[in-house]
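Predicted model, so just to flag it, every value in this text is computed and none were measured.
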Amino acid sequence: MGSGRRAARGAYELWMPARRGYGPSDVSPGRKSFKDDVADLIAVIEAVGQPVHLVGGSYGATLALHTAAAEPGRLRSLAVFEPPLYAAGESIGPLLDRYRAAFERDDAGEMFAVLNEVTRVPPSIVAAFVAAAGDRRPDPAEARRSAIGWLHDLEALADDGTDPARWSSITVPTLLMQGADTWEPMPTTMDALAAALPAVRRVIWPGQSHFATTSAPDLAADALRAFFAEVRPGRRGG
């Protein structure tokens, strides 16, 4: 795993782990699990040298939940944006097989289709993305790197569970962020997660969807600043 990037930003220092399978990290042999991801993330936190505010989005949000459940003492707080907790378990197995076969024959269209089935993006949104892309094509090397990363992410998802009650052990202050316009089953999933967590705050942005962190990053930045300000030093998780 890469050591991650570090940058100063305002009152906080930002560490961005490079997850295995995504540049500049290497691809480890064998099937990946969330246990592997958690171990990698803990290595980065150990390099930081003190408890952190852990923030994750989408797959990274699921990883953040796993980390908070496994190593709560390493966190000051937890903030997650729309973890796809419904995209896990036995239902992902056949999709993983399809994706792996498409990956082996370098079929970008089929890999794209499988990922849309995993995330359950509505066809109208998929069509809008395709139209917006037009004739543009990603850099082949970068596209292959992303394809490798997604393959191993699907392995971890296929071996994961879907029961939101398992997160009830997370006691660090937690912020849930979501877009009001994200498609089902994300809203229902977020409701179940909010009910399971004992120390939760929630922010829902009108007019935003699962792409809010890209389309309106200031919303996430402002929510995080306000949340961090509430988590006072000297308290558990603060």
S.K.: Heavy-atom distance under 4.5 Å between the side chains of Val118 and Leu154, does that happen here?
M.R.: yes

S.K.: Would Arg74 and Gln50 count as having a side-chain donor-acceptor pair, cut-off 3.5 Å?
M.R.: no

S.K.: Kindly say whether the aromatic ring centers of His210 and Phe81 come within a distance under 6.0 Å.
M.R.: yes

S.K.: Restricting to non-hydrogen atoms, name the atom on Ala212 and the atom on Trp205 that form the minimum distance, rounded to 0.1 Å.
M.R.: CB-CE3, 4.0 Å

S.K.: Would you mind listing every side chain to side chain donor-acceptor pair (under 3.5 Å) that reaches into residues 115-132, with sequence neighbours excluded?
M.R.: Arg98-Glu117

S.K.: Please, which pairs that meet ring-ring contact (aromatic ring centres under 6.0 Å, His included) have at least one residue in residues 136-187, sequence neighbours excluded?
M.R.: His66-Trp167, Trp183-Phe211

S.K.: Would you say Leu75 and Ile45 make side-chain contact, with heavy atoms under 4.5 Å?
M.R.: yes

S.K.: I want to check something: taking the side chain as every heavy atom from C-beta on, are Ser77 and Leu175 in contact at a cut-off of under 4.5 Å?
M.R.: no

S.K.: Run the numbers on Tyr99 and Phe112 for ring pair (Phe, Tyr, Trp, His ring centres under 6.0 Å), then give the verdict.
M.R.: CA-CA 9 Å; Tyr99 188 93; Phe112 180 70; over 10 Å; no

S.K.: Could you check Leu54 against Val80 for side-chain contact (heavy atoms from CB on, under 4.5 Å), going step by step and ending with a plain yes or no?
M.R.: CA-CA 8 Å; Leu54 182 59; Val80 295; over 6 Å; no

S.K.: Under a 3.5 Å cutoff, is there a donor and acceptor pairing between the side chains of Glu82 and Thr182?
M.R.: yes

S.K.: Salt-bridge test for Asp97 and Arg100: reply yes if a basic N is under 4.0 Å from a carboxylate O, no otherwise.
M.R.: no

S.K.: Charged N to carboxylate O below 4.0 Å: is that the case for Lys32 and Asp153?
M.R.: yes

S.K.: Mind checking what makes salt bridge (Lys or Arg N to Asp or Glu O under 4.0 Å) contact with Asp36, not counting sequence neighbours?
M.R.: none

S.K.: Would you check if there is a donor-acceptor pair between the side chains of Thr188 and Glu184 at a distance under 3.5 Å?
M.R.: yes

S.K.: Can a donor-acceptor pair be found between the side chains of Gln208 and Ser215 at a distance below 3.5 Å?
M.R.: yes

S.K.: Consider only side-chain heavy atoms of I, L, V, M, F, W and Y, link residues closer than 4.5 Å, and tell whether Val55 and Tyr12 are in one cluster.
M.R.: yes

S.K.: Can you find a pair of side-chain heavy atoms, one from Ser58 and one from Pro83, that are under 4.5 Å apart?
M.R.: no

S.K.: Could you tell me whether Arg145 and Asp139 make a salt bridge, using a distance below 4.0 angstrom between a side-chain N and a carboxylate O?
M.R.: no

S.K.: Should Thr174 and Arg201 count as side-chain neighbours, where that means a heavy-atom distance under 4.5 Å?
M.R.: no

S.K.: Is it the case that Arg144 places NZ or CZ above or below the six-membered ring of Phe103, under 6.0 angstrom from the centre and within 45 degrees of the axis?
M.R.: yes

